[in-house]
Amino acid sequence: LWSFYFVGGLVGIYMENLIPGPPTRALLVPAFFTGSLGLFYMAFRQLLKEHFKKLEKDRFEADLKEAQEAIAHMGSRLHSLESGNNDGLVVELDEEMGHMIEALHEVEADFDNLCRQHSRDSKDPVRRNTV
């Protein structure tokens, strides 16, 4: 932070000597820079926001798919163990797998509902101004 403050001071001194006229004209440089960044942010805020939400949703879906694949793989291994002497253990583990899959489906449904609700809220101008 201090380095940016120092660099800004040096640029300000350079601009004061470079720009002809009163020294206050050198303040036009940081004002232009700040104004340009503000306009850029205002113009692309919603686009960037949607892009980051899409990235987060894609990451969540990839994680969820990976977890479902791991559970499905474990389920296939459990079914192959059913031929052994550990019938009680296999049945308990199979039931637990069913509960985990149900929980994952509930999480996915909750996430989809949350995304739909947020998209409705962002389209409603009354709610968007109060948030």
Side-chain angles (χ1 to χ4, degrees):
L1 185 63
W2 282 102
S3 60
F4 286 109
Y5 182 78
F6 181 71
V7 169
L10 291 177
V11 170
I13 291 169
Y14 179 73
M15 286 294 141
E16 182 181 1
N17 292 329
L18 184 68
I19 297 176
T24 54
R25 284 194 179 177
L27 293 176
L28 293 175
V29 173
F32 174 75
F33 181 73
T34 304
S36 299
L37 287 179
L39 288 174
F40 177 80
Y41 175 75
M42 281 182 13
F44 294 105
R45 183 180 86 106
Q46 190 64 29
L47 182 68
L48 290 172
K49 185 176 172 183
E50 290 171 1
H51 177 70
F52 286 125
K53 282 184 182 179
K54 183 182 179 298
L55 288 176
E56 185 67 24
K57 184 178 178 184
D58 290 346
R59 185 189 64 82
F60 178 77
E61 288 175 354
D63 290 346
L64 188 60
K65 184 178 179 181
E66 183 180 336
Q68 287 176 340
E69 288 174 356
I71 290 172
H73 178 68
M74 190 181 351
S76 66
R77 291 184 66 200
L78 282 174
H79 289 296
S80 68
L81 288 175
E82 287 180 345
S83 61
N85 294 334
N86 298 330
D87 289 335
L89 178 63
V90 171
V91 170
E92 288 178 27
L93 290 175
D94 194 29
E95 288 175 2
E96 287 296 321
M97 289 261 313
H99 292 301
M100 287 192 306
I101 289 173
E102 288 176 22
L104 283 173
H105 287 300
E106 289 175 11
V107 167
E108 184 178 20
D110 291 342
F111 184 74
D112 287 339
N113 290 336
L114 183 65
C115 288
R116 283 189 205 113
Q117 179 184 4
H118 191 284
S119 67
R120 273 185 273 145
D121 290 346
S122 66
K123 291 178 183 176
D124 187 9
V126 174
R127 288 187 181 200
R128 185 175 47 201
N129 290 335
T130 61
V131 175

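What you are looking at is a predicted structure, and each value in this text was computed from that prediction instead of being measured.
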Is it possible for you to say whether Leu37 and Met42 belong to one hydrophobic cluster, with membership spreading through side-chain heavy-atom contacts below 4.5 Å? no
Phe44 and Leu39: same hydrophobic cluster, using ILVMFWY side-chain contacts below 4.5 Å? no
Taking only Lys NZ, Arg NE, NH1 and NH2, and the carboxylate oxygens of Asp or Glu, determine whether Lys53 and Glu50 approach each other closer than 4.0 Å. no
According to a 4.5 Å side-chain heavy-atom criterion applied to Ile, Leu, Val, Met, Phe, Trp and Tyr, with indirect links allowed, do Val7 and Tyr14 form part of one hydrophobic cluster? yes
Rounded to the nearest 0.5 angstrom, the CZ-CG distance for Arg45 and Leu47 is 12.0 Å
Answer whether the closest heavy-atom distance between the side chains of Leu55 and Arg59 falls below 4.5 Å. no
